[in-house]
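Written below as structure tokens is the structure these notes are about.
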There are 2 protein chains.
Amino acid sequence: MLKYSRQREAIKTFLAGRYDHPTAETVYLGIKEEFPNISLGTVYRNLSLLSDIGEIQKLSTGIGPDRFDGNPAPHYHFICKHCGSVLDLSVDGLDHINVLANQGFDGEIEGHITYFYGKCADCKKNS
Amino acid sequence: MLKYSRQREAIKTFLAGRYDHPTAETVYLGIKEEFPNISLGTVYRNLSLLSDIGEIQKLSTGIGPDRFDGNPAPHYHFICKHCGSVLDLSVDGLDHINVLANQGFDGEIEGHITYFYGKCADCKKNS
DNA sequence: CTGCATGCAAAAACTTTGCACCGCC
DNA sequence: GGCGGTGCAAAGTTTTTGCATGCAG
């Protein structure tokens, strides 16, 4: 049974209002302005819980700590190898790739996570 | 300038002979049989170096520590959500998705990493 | 010899957890 | 009131790094 908590709501609201895929640390510092007493442990617990129940997404980019996305809907992410920023990306016509991947595979594919990488617009401009 | 080292060769050979995508710790323990004095730091340094120069791949699955794949060629991976195993997966016809993703994106997409997830054949059988 | 690579160990970075107290239901 | 959530801090896990020494070029 999931009990209401102001802290968890604040975390969801915080994430819903940002599109830069903050880390747990960034969420912590942000929430702290409203709840000066919140602890990093609580932030981690709630981020973990929310991503487990599918209300947010956890992004393990392989560069630095995990990041979190307040948008639970399936979409894609772009990681800039130069500045490390993580951007949302909407790519149409990729729904079929689970089916494609299941060809010749004995298990059951439920979904996929894709990270595109390269150079973001800003880094492209300044190079 | 990259200098030859027996340790690095051993790590490459070790990875080339396995298909279970071991963690740094597993590589360390494996190499230790041949080089009892190798240190975990050296393993991390070389895994990081080798993945930087593209001779191996680093897999950040988001579950537990990073894993490493001795096959540098582009291919896909499947992560079993039940037992945590990581399997190679060959999926044809996904070369175009970088192009697809670049539509309406101002940056430059150089590649992508995709993790499929679900239930592996063994876990599917036993459930 | 010169400088990158190693071994060792300490430390950093990131995340989880035990416990007593607090507050939702 | 009962039980899950929180704050705090300690500990766990994973990875990086400083430094003296070793070995390839």
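Each chain gets a letter, A, B and so on, in the order its sequence line appears, and its residues count up from 1. What you are looking at is a predicted structure, and each value in this text was computed from that prediction instead of being measured. The figures here come from the full heavy-atom set of this structure, side chains too, leaving out hydrogens, waters and symmetry mates.
For the pair A:I63 CD1 and C:dA13 P, the computed distance is 17 Å after rounding to whole Å. When rounded to the nearest whole Å, the span between CE of B:M1 and P of C:dG3 equals 14 Å. Going from atom NZ of B:K3 over to atom P of D:dG22 covers 14 Å, rounded to whole Å. Atom P of nucleotide C:dA13 and atom CD of A:E25 are separated by 11 Å, given to the nearest angstrom. Distance, A:K12 NZ to D:dG5 C1': 15 Å, rounded to whole Å. In this structure, the CG atom of A:L59 is 12 Å from the P atom of C:dT15, given to the nearest Å. Distance B:Y28 OH to D:dT15 P: 15 Å, rounded to the nearest Å.
Taking the six-membered ring for Trp, A:F78 and B:F105 have ring centres closer than 6.0 Å.
Contacts between residues 31-58 of chain B and DNA chain C, defined by a heavy-atom separation below 4.0 Å, involve B:N37, B:I38, B:S39, B:T42, B:R45, B:N46, listed by number.
Qualifying salt bridge (charged side-chain N to carboxylate O under 4.0 Å, His left out) partners for B:D106, counting only residues two or more places apart in sequence or in other chains: none.
Between A:R6 and C:dC24 there is a side-chain polar atom (N or O) within less than 4.0 angstrom of OP1 or OP2. Contact between the side-chain N/O atoms of B:Q7 and the OP1/OP2 oxygens of D:dC23 is not found at any separation under 4.0 Å.
A heavy-atom distance below 4.5 Å is found between the side chains of A:I11 and A:L47. Counting heavy atoms from C-beta on, the side chains of A:S85 and A:D20 never come closer than 4.5 Å.
Between the side chains of A:H82 and A:N126, no donor-acceptor pair of N or O atoms lies under 3.5 Å.
Taking the ring centre of B:F68 as origin, the terminal cationic atom of B:K58 falls outside the region bounded by 6.0 Å and 45° from the ring axis.
Mapping B:F68 and B:S5 onto DNA chain D by nearest heavy atom places B:F68 at the nucleotide closer to the 5' end.
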